[in-house]
Student: 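To start, I am sharing the structure in question, which I have written as structure tokens.
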Protein chains: 2
Amino acid sequence: MKRPTIGDIARQAGVSKGAVSYALNGQPGVSESTRQRILAIADEIGWRPNSAARALNGARANAIGLALCRPARILGMEPFFMELISGLEAELSARDFALMLQVVGDHPSEIAVHQRWWGEGRIDGAFLVDLHVNDPRVPVMEDLGMPVVVIGDPSGSGSLMSVWSDEGAPVRETVDYLVALGHRRIARIAGLPKLVHTTLRDQEFGRACAGLDDCPVVHTDYTGEQGARATRRLLSSRVRPTAIVYDNDIMAVAGLSVAQEMGLTVPADLSIVAWDDSPLSQVVRPPLTALTRDIPAYGAQAARQLLGLIDGLERGSHEDRAATLNPRGSTGPPVSAGH
Amino acid sequence: MKRPTIGDIARQAGVSKGAVSYALNGQPGVSESTRQRILAIADEIGWRPNSAARALNGARANAIGLALCRPARILGMEPFFMELISGLEAELSARDFALMLQVVGDHPSEIAVHQRWWGEGRIDGAFLVDLHVNDPRVPVMEDLGMPVVVIGDPSGSGSLMSVWSDEGAPVRETVDYLVALGHRRIARIAGLPKLVHTTLRDQEFGRACAGLDDCPVVHTDYTGEQGARATRRLLSSRVRPTAIVYDNDIMAVAGLSVAQEMGLTVPADLSIVAWDDSPLSQVVRPPLTALTRDIPAYGAQAARQLLGLIDGLERGSHEDRAATLNPRGSTGPPVSAGH
DNA sequence: GTTCTTCTTGGGAGCGCTCCCAACGGGCGC
DNA sequence: GCGCCCGTTGGGAGCGCTCCCAAGAAGAAC
């Protein structure tokens, strides 16, 4: 049950290996009639190119690396990654590129995995996600000379190409909207403070809230538990916020439960905004006002950029569309502000 | 910036390529002193094995294939897959196996992807998930001769090895529990009727409900929307059920919202059970009674089985632990049954 | 018919690695 | 001191493919 090789085809067709190679790759060098005959035989005996042999000749690996450095627990919970991956896939599979996926524990092992894959010729490029402030992966990847696309803000991605969306505008849009509704005390329950996009949102939030009353920011690890705890603490303070903006939908849903548990009505007593939309936000009562983004499209764009980079087309970084506010039932004027 | 090869090492060490190969692979054939010298040089010049060259000699690809045939939309929503993947990964990465992931649109293209990967020597084996009734992938994989582990019930996996958990016991446990609480009208909002595990649960549900009042089963596509719609329809019927068992947590959460929207109190007017637990079920009010399963452990077991199969160890299929009922606030005695 | 050009074809090197085979050399038994 | 065995080493074929090079054939121009 040995796999047929181009040698077998050549023998059957009565031509040389070279001719078969040209015919199979659509290259000039063989006549059309010979090509057809070779293709027919190849098809008949079920020939498949051996990627190893191709790779040995300096060809592409036709695979992209993605090492995810997140605890499995969080990974399983957040729709973001699966949506991102399906977006990446849509573009990659159209070009017959596979995705090499590996969950790693920390940055050093993520770096090691990338070095190994690249060194062994298993991948043609890689994505970097969840950019940290002063991310150690960036300088290593810059040195490695491997095509890399950072999915995150260019401020932290060094000389690497990045695909990002503006974090500032959605923050401003949200705060302005809440202020227009009459809110003066807006809190933000944020994600990991180490992440670049968290700090960017923090800064913009601080600026957008200038002139308002106390606008606290609490950092969490994105889990529902921490989102619930932070919410409980905020709502127990003497001057509780009338609106909370969450950094993901999981925490927003958890926060909604806590508010209802504490006897508050949403949105009358508390308005809630979730960053990143998902079916989850629409399924709870009231459905959550959310900052919606087309994550699969975002991933697809990143994949296009990386494939371009691999092809040697030197296009620059790409700014994707920013998230836009999608008001639903969880936001409204605060009862106290009866204007 | 060419990558060093064993030829370079051999030249520097003043030995032959053969000796280097033996030294690097920990095989007998070189003296310990030579081995050490070679390893030192290899380390110094940063040598990495070229996987393509290795694969060319019939070696492993050190990668496993997983083609997911689900719309991206559902994929992004269900925690199940990411948890499964992180479980697979935990075991695979420990053995330095990578996961080749590809999202495909239908079974024919999933089959094509597997054939290509296997034919091209890119993978050493593959997982099959979401087993359908009379699944067309099974006979193809049997013919292909590739190591495959089916993550699903052995009744549908032909001669392929499978890793599964009993679907019957959890159904019985759930129905018995609800009956003990006093419920007589229990409904089931199920997933896709094409899937093997759906039909198994359906059958068992039918048996377990024997002797009870009307116990309808509604099939959906696992989305929150369809779960909500099915719930609304059931609760609008003249004799509405006092308990609903959902096939995933997304639909259970959606169903909870619908019930509350319709002015029903959970669990007094309606008890809710979710199949497959996740933080989501614990975050809503009341927290959902759920059939809990350790999905990462399930995935890890599947990975172990597949790696064993690849190594030629012929262990049989493996039955994993069945899901167990984890009662929370969403179940209780129906108000009508004041016993 | 001859020469030149152009298209087609066969031959073969080389990619980096593994592994078989033969040669070499030192330690041992006699 | 001689021959033998075994541990060590060098040499080299071969994995399946790509691509360069040269040779052959066919057609055009004279």
Side-chain angles (χ1 to χ4, degrees), chain A residues 1-39 41-42 45-63 96 116-124, chain B residues 1-39 41-42 45-63 96 116-124:
Chain A
M1 197 167 152
K2 216 174 121 292
R3 290 219 309 265
T5 72
I6 58 166
D8 299 326
I9 301 177
R11 205 168 341 98
Q12 280 198 40
V15 297
S16 73
K17 285 192 311 169
V20 174
S21 175
Y22 290 137
L24 258 18
N25 292 301
Q27 288 192 15
V30 284
S31 61
E32 195 49 38
S33 60
T34 312
R35 183 189 305 276
Q36 289 308 329
R37 190 157 46 92
I38 291 173
L39 289 178
I41 294 175
I45 66 177
W47 175 85
R48 302 249 163 206
N50 179 315
S51 71
R54 283 205 165 146
L56 196 52
N57 291 289
R60 302 270 171 75
N62 270 263
D96 276 337
R116 184 161 59 83
W117 282 348
W118 175 245
E120 294 180 4
R122 287 175 168 281
I123 56 174
D124 302 314
Chain B
M1 199 167 149
K2 215 174 122 292
R3 288 219 311 264
T5 73
I6 58 166
D8 299 327
I9 302 177
R11 208 171 334 104
Q12 280 199 40
V15 298
S16 72
K17 286 193 310 169
V20 175
S21 175
Y22 290 137
L24 258 16
N25 292 301
Q27 289 192 14
V30 285
S31 61
E32 195 49 36
S33 61
T34 312
R35 184 189 304 276
Q36 289 308 329
R37 191 157 45 92
I38 290 173
L39 288 179
I41 293 175
I45 66 177
W47 176 86
R48 302 250 165 204
N50 179 314
S51 70
R54 283 206 164 145
L56 196 52
N57 290 290
R60 301 269 173 75
N62 269 263
D96 277 338
R116 184 161 59 84
W117 282 347
W118 175 246
E120 295 179 2
R122 286 176 169 281
I123 57 174
D124 302 315

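Throughout, a chain's letter reflects where its sequence line sits, starting with A, and its residues are numbered from 1.
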Student: Any side-chain heavy atom of B/Trp47 sitting closer than 4.5 Å to one from B/Asp8?
Tutor: no

Student: Just compare C/dC17, C/dT18, D/dG10 and give me whichever is closest to any side-chain atom of B/Asn25.
Tutor: C/dT18

Student: Determine the contact category for B/Val20: base if any of its heavy atoms lies under 4.0 Å from a base atom, sugar-phosphate if only primed atoms, P, OP1 or OP2 are that close, otherwise nothing.
Tutor: nothing

Student: Look at all strands and tell whether B/Gly29 reaches a base, only sugar-phosphate, or nothing, counting heavy atoms closer than 4.0 Å.
Tutor: base

Student: Start with the C-alpha distance between B/Lys17 and B/Val20, add both sets of side-chain angles, then the distance that settles side-chain contact (heavy atoms from CB on, under 4.5 Å), and finish with yes or no.
Tutor: CA-CA 5 Å; B/Lys17 286 193 310 169; B/Val20 175; 5.6 Å; no

Student: Select one nucleotide: of D/dC19, C/dT8, D/dG16, the one nearest the side-chain heavy atoms of A/Ser21.
Tutor: D/dC19

Student: Verify the contact: side-chain N or O of B/Gln27 to OP1 or OP2 of C/dT18, cut-off strictly under 4.0 Å; return yes or no.
Tutor: no

Student: For the side chain of B/Tyr22, starting at C-beta, report the closest nucleotide among D/dC20, C/dT18, C/dC19.
Tutor: C/dC19

Student: Among D/dT18, D/dG11, C/dG16, which is the nearest nucleotide to the side chain of B/Asn50?
Tutor: C/dG16

Student: Within this structure, what is the CG-to-P distance between A/Leu56 and C/dC17, rounded to whole angstrom?
Tutor: 9 Å

Student: What is the distance, to the nearest angstrom, from the CD1 atom on A/Ile45 to the C1' atom on D/dG16?
Tutor: 13 Å

Student: To the nearest Å, give me how far apart NZ (A/Lys17) and C1' (D/dC21) are.
Tutor: 15 Å

Student: Which whole-number value in Å describes the distance from B/Arg60 CZ to C/dT18 C1'?
Tutor: 15 Å

Student: With sugar-phosphate meaning primed atoms plus P, OP1 and OP2, does B/Pro49 contact a base, only sugar-phosphate, or nothing at under 4.0 Å between heavy atoms?
Tutor: sugar-phosphate

Student: Nearest 0.5 Å please: distance from the CD atom of B/Gln12 over to the CD1 atom of B/Ile38.
Tutor: 11.5 Å

Student: Can you tell me if B/Asn57 touches the phosphate of D/dG14, counting only side-chain N or O atoms and a distance under 4.0 Å to OP1 or OP2?
Tutor: no

Student: Within the structure, does a side-chain N or O atom of B/Ser31 lie under 4.0 Å from either OP1 or OP2 of D/dT9?
Tutor: yes

Student: Specify the residue among A/Gly18 and A/Ala52 whose closest nucleotide of DNA chain D lies further upstream toward the 5′ end.
Tutor: A/Ala52

Student: Between B/Ala61 and A/Arg122, what is the shortest heavy-atom contact and its length?
Tutor: O-NH2, 2.6 Å

Student: Would you mind reading off the distance between B/Asp8 atom CG and C/dG16 atom P, rounded to a whole angstrom?
Tutor: 8 Å

Student: Just how far, in rounded Å, is P of D/dT18 from CZ of A/Arg54?
Tutor: 5 Å

Student: With sugar-phosphate meaning primed atoms plus P, OP1 and OP2, does A/Arg48 contact a base, only sugar-phosphate, or nothing at under 4.0 Å between heavy atoms?
Tutor: sugar-phosphate

Student: Would you kindly give the CG-to-P distance between A/Leu24 and D/dT18, to the nearest whole Å?
Tutor: 7 Å

Student: Name the nucleic acid region contacted by B/Gly14, choosing base, sugar-phosphate or nothing; use a 4.0 angstrom heavy-atom cut-off, strictly under.
Tutor: sugar-phosphate

Student: Let's see if you can work this out: which of D/dT9, C/dG10, D/dC17 has an atom nearest to the side-chain heavy atoms of A/Ile6?
Tutor: D/dC17

Student: Enter the distance from B/Asn50:CG to B/Thr5:OG1 here, rounded to the nearest 0.5 Å.
Tutor: 9.5 Å

Student: Measure the distance from CD on A/Glu32 to C1' on C/dT8 and round it to the nearest whole Å.
Tutor: 13 Å

Student: Check whether any side-chain N or O of A/Asp124 sits under 3.5 Å from a backbone N or O of A/Arg60 as a donor-acceptor pair, and report yes or no.
Tutor: no

